[in-house]
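Indexing begins at 1, ligand by ligand and atom by atom, following the structure's order. On a predicted model such as this, the values are computed, not experimentally measured, just so you know.
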Amino acid sequence: MVKHFLTLMDLDKSTLQKILARAIELKKMVHNKTPHEIFKNRVLGMIFDKSSTRTRVSFETAMAQCGGHAVFLSPRDTQLGRGEPVEDSARVLSRMVDAIMIRTFEHEKLERFAEYSKVPVINALTDMYHPCQLLADVQTFIEHRGSIQGKKIAWVGDGNNMCHSYINAARQFDFNLHIATPAGYEPHNKIVQAAGDIISLTNSPQEAVTDADLVVTDVWASMGQEEEQREREKSFDGFQVNTELMALAKPDALFMHCLPAHRGEEVSANVIDGPQSVVWDEAENRLHSQKALLEYLINGL
Ligand code: CP
Ligand code: NVA
C-alpha cells in the first residue's frame with residue numbers, strides 16, 4: 001500500500017521520531033557538505049494552488065541536493081487550472097513522478113488526489129492542516145531543548161491549519177498544548193475532541209502562555225481569508241505575542257512562527273527578532289525534515 005502524508009496522524013509515533021532523528025543527521029550532512037544522493041533519478045511533482053516561499057524552495061532544494069529533480073506545477077499553466085479532474089491528474093502524474101506534494105485550499109481535494117495516486121502524496125498545506133511545518137517545528141524544539149514530550153506549548157491566535165496540526169502533534173509527540181483564540185476562532189471541534197485532555201482551550205493568551213516552554217503564533221488571516229483582514233485585526237486585538245506576554249512563559253521559553261509573519265500584528269518585532277525566537281532555524285529545518293520525510297516515503301526507512 002502506498003504511504004501518504006496528508007496529516008501527522010498518517011504516520012505512527014515511532015516513525016515520526018525516526019524521521020526527525022534522520023532530519024537532524026541529514027542537516028549535519030548538508031552543513032558538512034557530505035554528499036547524500038539518496039534521490040538519484042527520482043522526481044517530485046509539486047502542485048501549488050497557493051503562494052509559497054519556504055515550502056517550494058525547501059522541497060525543490062531537498063530534491064536537488066539529493067541528486068533528484070522537482071517539477072513545479074501551478075494552476076496558471078497546467079490543465080488542472082483549466083478544470084482537468086483531480087482524479088485524472090493524479091493518475092497521470094503518478095505514472096511519471098516518484099512522489100507528489102500539494103498545496104491547495106480544500107483538504108478534501110488533497111484526499112481525492114491521494115486516493116487516485118500510485119505514489120506518495122504529501123500535504124504541503126491545506127485550509128485544514130500544515131503537517132510538514134510541524135516536522136520542522138518539533139525538530140527545532142528538540143535541537144534547542146531536547147525532547148518535547150511532556151512540555152507545555154502555547155498556541156496564541158487563530159484556530160487555523162497550523163493550530164490543527166499542532167493539536168495532532170500534541171497527540172503524536174505527547175506534549176501539552178494550551179490554545180488561546182478569540183471567541184469564534186477556535187479550532188475545529190472534531191479535531192479538538194479527538195485530542196482529549198492533552199489540549200486545552202481558552203480565550204486568554206495570558207492563561208495559555210503562563211509557564212510555557214514554547215510560544216507559537218501565526219498570521220490572523222490565512223491565505224484565502226485576505227478580505228477578512230480588517231475584521232480579524234479587531235477580533236484578535238490583545239492576542240499579539242509581545243514581550244509582556246512572553247514574560248509569563250518560562251524564562252528560557254522559545255518563540256516560533258511558521259512565517260511569513262506580520263510584525264506589529266500577531267507578533268511584535270522585538271519578540272520575533274529577539275533572543276527567544278528560533279524562527280530562522282525553524283524555517284531552515286523545513287529542508288531537512290522534508291528530506292527525511294521524502295526518504296521515508298520514497299525509499300522506505
Ligand atoms: N511556512 C510556510 O509554509 O511558508 P511558505 O508559505 O513560504 O511556504
Ligand atoms: N496559516 C497560514 C500558514 C502559512 C504558511 C496560511 O494558511 O496562510
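At a threshold of 4.0 Å, the pair K27-E143 counts as salt-bridged, since one of the basic side-chain nitrogens sits closer than that to a carboxylate oxygen. For the pair D127 and K50, the salt-bridge criterion is met [side-chain N within less than 4.0 Å of a carboxylate O]. Under 4.0 Å is where a charged nitrogen must lie from a carboxylate oxygen, and between R112 and E108 at least one such pair does.
Residues in residues 258-274 take part in these salt bridge (charged side-chain N to carboxylate O under 4.0 Å, His left out) pairs, two or more places apart or across chains: R263-D273.
Aromatic ring centres of F173 and F141 lie farther apart than the 6.0 Å criterion allows.
With sequence neighbours left out, the salt bridge (Lys or Arg N to Asp or Glu O under 4.0 Å) criterion links R145 to D252.
Each of I100, V119, V97 was scored for a side chain to side chain contact (heavy atoms under 4.5 Å, CB included) with V43, with one residue passing: V97.
Between Y129 and H107, the angle of the ring planes goes over 60°, which puts this pair in the perpendicular group of the 30/60° scheme.
Protein residues lining ligand 1, listed by chain and number: S52, T53, R54, T55, R103, H130, Q133, C258, L259, R286 [non-hydrogen atoms, distance under 4.0 Å].
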For ligand 2, which of its N or O atoms have a protein N or O partner closer than 3.5 Å, and how long is each gap?
| residue | atom | partner | partner atom | Å |
| --- | --- | --- | --- | --- |
| ligand 2 | 1 (N) | N160 | ND2 | 3.4 |
| ligand 2 | 1 (N) | N161 | OD1 | 2.9 |
| ligand 2 | 1 (N) | D218 | OD2 | 2.6 |
| ligand 2 | 1 (N) | S222 | OG | 2.7 |
| ligand 2 | 7 (O) | N161 | ND2 | 2.8 |
| ligand 2 | 7 (O) | S222 | OG | 3.4 |
| ligand 2 | 8 (O) | M223 | N | 2.8 |

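At least one cation-pi condition fails for R56 and F48: the charged atom is not both under 6.0 angstrom from the six-membered ring centre and inside a 45 degree cone around its axis.
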